[in-house]
Amino acid sequence: WAVWKFALAGWGGALAVMLGSQLAFGRMGAADIGTVRVLIPAASTAIAIAWTFAMAVVAFRRLDEFQQEAGKFAWYWGGSVGIAVSLVGYVFIGQGGLHWLDPVHFHLGRDLFRAFQYGYLLGIGCPVLGFLGARLWWQASKR
């Protein structure tokens, strides 16, 4: 229960920060792009991530060695396989598969595809960069 308590505190705190910024500044439409619309949600997201990470560290440290290794194994191999499998969906969507399935609701276009590419690459690139950073830190700290 102690581990789940920290997990819930992490997610609950992050949700409160994210929703709090929306309540404080209100929902903005696409026409309201400006400093407040871009920086406030980005800053609240950074705070939410930092809080969730801190709670994850506390929860992880409360696990026994077997559970810690099980979590690392599952994240590494499960995450790697999940990322690899997502490539099938990326190619399907990138080649117009959603439009092929439902041309009324899914449109084609260069700008739309570029936005989809950036989103997908963020989802792939950030875990890879995180892995490399953690690996370098581990290697440097264990010498």
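When the side chains of ILVMFWY residues are joined at heavy-atom separations under 4.5 Å, either directly or via intervening members, Trp77 and Leu63 end up in two distinct hydrophobic clusters. Linking Ile, Leu, Val, Met, Phe, Trp and Tyr whenever their side-chain heavy atoms come within less than 4.5 Å puts Leu87 and Phe113 in one cluster. In the hydrophobic cluster analysis, where Ile, Leu, Val, Met, Phe, Trp and Tyr join through side-chain heavy atoms closer than 4.5 angstrom, Leu129 is grouped apart from Ile49. When the side chains of ILVMFWY residues are joined at heavy-atom separations under 4.5 Å, either directly or via intervening members, Leu19 and Trp51 end up in two distinct hydrophobic clusters. By the criterion of side-chain heavy atoms lying less than 4.5 angstrom apart, applied directly or through intervening Ile, Leu, Val, Met, Phe, Trp or Tyr residues, Val91 is grouped together with Tyr120 in one hydrophobic cluster.
In this structure, Tyr118 and Leu122 have side chains that are not in contact, with every pair of non-hydrogen atoms separated by 4.5 Å or more.
Listed here is the closest heavy atom pair of His99 and His107: ND1-CA, 4.1 Å. When all heavy atoms of Arg61 and Gln68 are compared, the pair lying nearest together is CA-NE2, 3.9 Å. The shortest heavy-atom contact between Thr52 and Ala14 is OG1-CB, 3.2 Å. Nearest heavy atom pair, residue Gln139 against residue Arg143, reads O-CG, 3.1 Å.
Crowding of Phe92 atom CZ: a count of heavy atoms from other residues, nucleotides or ligands under 6.0 Å exceeding 12. Within a 6.0 Å radius of CD in Gln117, other residues, nucleotides and ligands contribute more than 12 heavy atoms.
With Trp138 contributing its side chain and Gly133 its backbone, the two residues share no donor-acceptor pair below 3.5 Å. Between the side chain of Ser86 and the main chain of Ile83, a donor-acceptor pair closer than 3.5 Å is present.
The line from CG of Asp64 to CD of Glu69 is 10.5 Å long, rounded to the nearest 0.5 Å. Between the CE atom of Met55 and the NZ atom of Lys5 there is a distance of 11.0 Å, given to the nearest 0.5 Å. Rounding to the nearest 0.5 Å places CD of Gln95 at 10.5 Å from CG of Leu108.
Of the options Ile93, Leu98, Leu121, Asp111, a side chain to side chain contact (heavy atoms under 4.5 Å, CB included) to Phe116 is made by Ile93 and by none of the others.
A ring-centre distance under 6.0 Å is not found for Phe6 and Phe60.
By the 30° and 60° cut-offs, the orientation of the rings of Phe131 relative to Tyr76 is tilted.
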